[in-house]
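Read the structure below first, then the notes.
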Amino acid sequence: MEAPIFIPVFKNFHPSKNKRMLNEVLNPSLFYHDSAFDELYPEHIRKLSQMHWTPVEIAKIAGNFLAIPNTRVLDIGSGVGKFCITAGFFHPETTFSGIEQRRELYNFAETAKAGVDLPNVTFMHGNLTELEFNNYDHFYFYNSFYENIEPDSRIDYAVETSFELYDQYSRLVYQMLAEKPSKTRLVTFHTPGGQVPPGYQLVNNSYSRLLKMWIKE
């Protein structure tokens with residue numbers, strides 16, 4: 001009978017305190033379960049994890065689909081960086097980038113990335129309307145616009161939300177995806193199918209149809 005495997009949970013862990021220990025010991029356990037990964041963040045951020053941050057298991061699956069060596073994947077609304085860091089850890093030959101409009105969340109993503117030390121992961125603080133989408137090949141989208149139309153799902157009051165912004169951002173991403181070339185890959189999570197333009201073939205539909213993988217024909 002095999003001995004049980006114990007995965008440690010690190011209370012009040014600060015990633016910058018001991019980078020060598022993190023890289024050599026903690027990395028595998030960080031990506032075993034959300035409870036371990038979320039210890040990288042303070043309590044008020046951990047409380048938002050279930051609703052707002054990509055689960056580790058979903059990030060692994062999405063990363064496996066999107067990761068093509070020497071290409072760049074963009075997380076549209078990257079929050080505290082959970083998707084990019086997880087996918088980047090398992091796929092070092094692919095660059096994972098995230099854009100986030102909330103300065104606090106961007107700072108937490110940068111802190112976590114610095115501790116895990118992933119040179120293929122980058123984060124940007126800014127708005128989608130300012131982004132040059134031609135710099136990216138494939139995309140991950142966890143319906144980051146939803147809080148504009150559902151007040152109960154708001155992260156905080158640091159940014160403006162409105163039905164008009166939901167429509168503006170949705171149209172922007174829709175048009176961007178429509179203009180991407182053939183073979184572009186897209187993963188959507190908790191995202192209405194109507195936000196994906198024609199020409200994208202659904203190749204996988206799992207997790208109660210919440211996780212969808214697309215390839216542009």
Side-chain angles (χ1 to χ4, degrees), residues 48-68 71-88 91 94-102 105-106 109 121-150 153-155 159 161 163 165-181 183-217:
L48 296 169
S49 183
Q50 186 173 3
M51 176 177 288
H52 291 288
W53 319 141
T54 299
V56 165
E57 190 61 30
I58 297 296
K60 291 178 185 177
I61 296 171
N64 287 341
F65 178 75
L66 293 170
I68 298 175
T71 62
R72 297 195 66 177
V73 175
L74 176 68
D75 181 0
I76 302 172
S78 50
V80 294
K82 197 167 176 181
F83 166 74
C84 288
I85 292 172
T86 301
H91 302 282
T94 301
T95 298
F96 292 88
S97 300
I99 183 166
E100 171 55 48
Q101 65 175 334
R102 284 176 166 88
L105 302 187
Y106 161 79
V121 173
T122 62
F123 295 108
M124 299 164 284
H125 174 242
N127 191 281
L128 282 172
T129 59
E130 306 164 352
L131 191 64
E132 178 52 70
F133 290 101
N134 289 333
N135 292 334
Y136 305 96
D137 306 296
H138 309 293
F139 301 88
Y140 175 74
F141 182 51
Y142 180 8
N143 201 8
S144 51
F145 310 148
Y146 185 67
E147 65 174 335
N148 283 281
I149 59 174
E150 180 47 69
S153 72
R154 288 186 68 130
I155 295 174
V159 298
T161 60
F163 283 90
L165 284 172
Y166 179 87
D167 185 64
Q168 178 188 355
Y169 295 152
S170 296
R171 288 177 181 271
L172 175 67
V173 171
Y174 186 97
Q175 185 62 35
M176 176 275 294
L177 291 172
E179 295 173 356
K180 299 304 290 185
K183 307 301 182 183
T184 295
R185 295 192 172 209
L186 168 69
V187 172
T188 59
F189 187 47
H190 284 275
T191 301
Q195 291 192 343
V196 179
Y200 282 81
Q201 180 181 2
L202 182 63
V203 297
N204 189 285
N205 191 2
S206 57
Y207 281 83
S208 300
R209 301 182 183 276
L210 296 176
L211 180 65
K212 300 180 180 181
M213 304 179 190
W214 314 76
I215 298 179
K216 190 170 185 183
E217 299 175 330

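Keep in mind that this is a model prediction, so the values were computed, not measured. Quick note: residue numbers are just sequence positions, from 1.
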Quiz item: Hey, are the side chains of Thr129 and Leu172 touching, using non-hydrogen atoms and a 4.5 Å cut-off?
Solution: yes
Quiz item: So Phe189 and Tyr142, would you call those rings parallel, tilted or perpendicular, with 30° and 60° as cut-offs?
Solution: tilted
Quiz item: Do Phe65 and Arg185 have side chains that get closer than 4.5 Å, going by heavy atoms?
Solution: yes
Quiz item: So do the side chains of Ile68 and Asp137 get within less than 4.5 Å of each other, counting heavy atoms only?
Solution: no
Quiz item: Do His91 and Phe96 come within less than 4.5 Å of each other through their side chains, counting heavy atoms only?
Solution: yes
Quiz item: So how far is it from Tyr140 OH to Thr191 OG1, rounded to the nearest 0.5 Å?
Solution: 8.0 Å
Quiz item: Distance from Glu217 atom CD to Lys183 atom NZ, nearest 0.5 Å?
Solution: 9.0 Å
Quiz prompt | Main-chain N/O of His138 paired to Lys180 side chain as donor or acceptor, under 3.5 Å | solution = no
Practice problem: State, with a plain yes or no, whether a side-chain heavy atom of Leu177 is found less than 4.5 Å away from one of Gln195. | Solution: no
Quiz item: Considering all heavy atoms of both residues, which atom of Pro198 and which atom of Tyr174 are nearest to each other, and what is their separation?
Solution: CD-OH, 3.1 Å
Quiz item: Rounded to the nearest 0.5 Å, how far apart are CE of Met176 and CD of Glu132?
Solution: 11.0 Å
Self-check item: Ile58 vs Phe83, side chain to side chain contact (heavy atoms under 4.5 Å, CB included): CA-CA, chis, key distance, verdict
Solution: CA-CA 8 Å; Ile58 297 296; Phe83 166 74; over 6 Å; no
Self-check item: Heavy-atom closest contact (Gly77 atom, Glu100 atom, distance)
Solution: C-OE1, 3.9 Å
Exercise. Identify the two heavy atoms, one from Arg72 and one from Ser97, that lie closest to each other, and give their separation to 0.1 Å.
Key: NH2-OG, 3.0 Å
Exercise. Rounded to the nearest 0.5 Å, what's the gap from OH on Tyr200 to CG on Leu202? Could you check?
Key: 13.5 Å
Quiz prompt | Minimum heavy-atom distance Lys216-Ala178, with the two atoms named | solution = NZ-O, 2.5 Å
Exercise. Would you check, one step at a time, whether the test side chain to side chain contact (heavy atoms under 4.5 Å, CB included) holds for Phe123 with Ile85?
Key: CA-CA 10 Å; Phe123 295 108; Ile85 292 172; 4.0 Å; yes
Exercise. Drop me the distance from Ser78's OG to His125's NE2, to the nearest 0.5 angstrom.
Key: 10.5 Å
Exercise answer: donor-acceptor pairs, residues 206-214 side-chain atoms, under 3.5 Å, sequence neighbours excluded:
from	atom 1	to	atom 2	distance (Å)
Ser206	OG	Asn204	OD1	3.2
Trp214	NE1	Thr188	OG1	3.1

Quiz item: Of the options Thr95, Val121, Thr122, which is the one that meets Cys84 in a side chain to side chain contact (heavy atoms under 4.5 Å, CB included)?
Solution: Val121
Exercise. Determine whether Leu128 and Gln168 make a side-chain contact, defined as any pair of heavy atoms from C-beta on separated by less than 4.5 Å.
Key: no
Quiz item: Yes or no on side chain to side chain contact (heavy atoms under 4.5 Å, CB included) for Gln175 and Phe133, after CA distance, side-chain angles and deciding distance?
Solution: CA-CA 11 Å; Gln175 185 62 35; Phe133 290 101; over 6 Å; no
Quiz item: Taking all non-hydrogen atoms of both residues, which atom of Ala59 and which atom of Ala87 are closest, and how far apart?
Solution: O-CB, 4.3 Å
Practice problem: Using a 4.5 Å cut-off on heavy atoms from C-beta on, say whether the side chain of Leu74 contacts that of Ile76. | Solution: yes
Self-check item: Rounded distance (nearest 0.5 Å) linking atom OG1 of Thr184 with atom CD of Glu179
Solution: 11.5 Å
Quiz prompt | Check: Val196 and Phe141 side chains under 4.5 Å, non-hydrogen atoms | solution = no
Self-check item: Heavy-atom closest contact (Ala62 atom, Val187 atom, distance)
Solution: CB-CG1, 3.8 Å
